[in-house]
Amino acid sequence: MKKKIFITGAVRDYDSANPKVFTDEIEDYIKNNMVKLEDVDKITVSTFENSENELTLRFNFGTGRDIDPGLISREMYRCFTGECASFTAQYSIYWCMNFGPNYPMNVQFPIKDTIEAHKKNTNFYKANRYKSLELEESPLNLMVKIKF
């Protein structure tokens, strides 16, 4: 499967023949734009093709905090969207609520709103559209399931 996927700040080429290029780009972006130097070694992203038209990405790191059902933490929202001081997605729920990159409080966003904004960004940045998107965050990781 070859797809153009808007994730973590850019439209990225996914090729099932070489998924490591895709995950390496995501890891590099997060390491260079979102985490402190001492946390760089903790960042890994993996991808699995569940079927011909279904892809799962796992951000293999997390906040260590419990997340309320139906919500996503500020930190994992930023890793998923790529939003940071140098990039704001066209349809952002993060920045429009005045929670900038250094906002000190524990903020969580509704997964439903995150997915709606992501659908609009997928269209805006001209990536491949998908049939559905699922997000699930645990204290240790974020799972993103995309069906095309």
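All figures in this text were calculated on a predicted structure; none of them were measured in a lab.
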Next item on the list: In sequence, state the C-alpha distance, the side-chain angles, and the governing distance for D13 and K2, and then conclude on side-chain contact (heavy atoms from CB on, under 4.5 Å).
Entry: CA-CA 7 Å; D13 292 319; K2 290 186 180 187; over 6 Å; no
Has the side chain of [X] got a donor or acceptor atom that lies under 3.5 Å from a matching backbone atom of [Y]?
{"X": "E27", "Y": "V45", "result": "yes"}
{"X": "N121", "Y": "A117", "result": "yes"}
{"X": "T47", "Y": "T56", "result": "yes"}
{"X": "Y29", "Y": "G82", "result": "yes"}
{"X": "T8", "Y": "C79", "result": "yes"}

Notebook entry, point to check: Run the side-chain hydrogen bond (donor to acceptor under 3.5 Å, both in side chains) check on S73 and E137 step by step: do they pass?
Noted result: CA-CA 8 Å; S73 68; E137 182 177 355; 2.8 Å; yes
Spacing of [atom1] belonging to [X] relative to [atom2] belonging to [Y], to within rounding of 0.5 Å:
{"X": "M34", "Y": "E83", "atom1": "CE", "atom2": "CD", "answer": "8.0 Å"}
{"X": "T122", "Y": "L133", "atom1": "OG1", "atom2": "CG", "answer": "7.5 Å"}
{"X": "E136", "Y": "N141", "atom1": "CD", "atom2": "CG", "answer": "8.0 Å"}
{"X": "T114", "Y": "I72", "atom1": "OG1", "atom2": "CD1", "answer": "5.5 Å"}
{"X": "M1", "Y": "F148", "atom1": "CE", "atom2": "CZ", "answer": "6.0 Å"}
{"X": "T44", "Y": "D24", "atom1": "OG1", "atom2": "CG", "answer": "11.0 Å"}

Checklist line | Close side-chain approach of S86 to N33, heavy-atom, < 4.5 Å | finding: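 Heavy-atom side-chain distance check passes, below 4.5 Å.
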Notebook entry, point to check: Heavy atoms, side chains only, cut-off 4.5 Å: are L135 and I115 in contact?
Noted result: yes
Next item on the list: Return the orientation label for the F109 and Y77 ring planes: parallel under 30°, perpendicular over 60°, tilted otherwise.
Entry: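 Correct class here is tilted.
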Next item on the list: Specify whether F80 and H118 have parallel, tilted or perpendicular ring planes, treating 30° as the upper limit for parallel and 60° as the lower limit for perpendicular.
Entry: tilted
Next item on the list: Take atom NZ of K31 as the centre, draw a 6.0 Å sphere, and report whether it contains more than 12 heavy atoms from other residues, nucleotides or ligands.
Entry: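 More than 12 within 6.0 Å, yes.
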Check: Taking atom CD of E38 as the centre, does the number of heavy atoms from other residues, nucleotides or ligands within less than 6.0 Å exceed 12?
Finding: yes
Next item on the list: Show your working on side-chain hydrogen bond (donor to acceptor under 3.5 Å, both in side chains) between Y14 and E49 and close with a plain yes or no.
Entry: CA-CA 11 Å; Y14 173 78; E49 231 176 281; 3.0 Å; yes
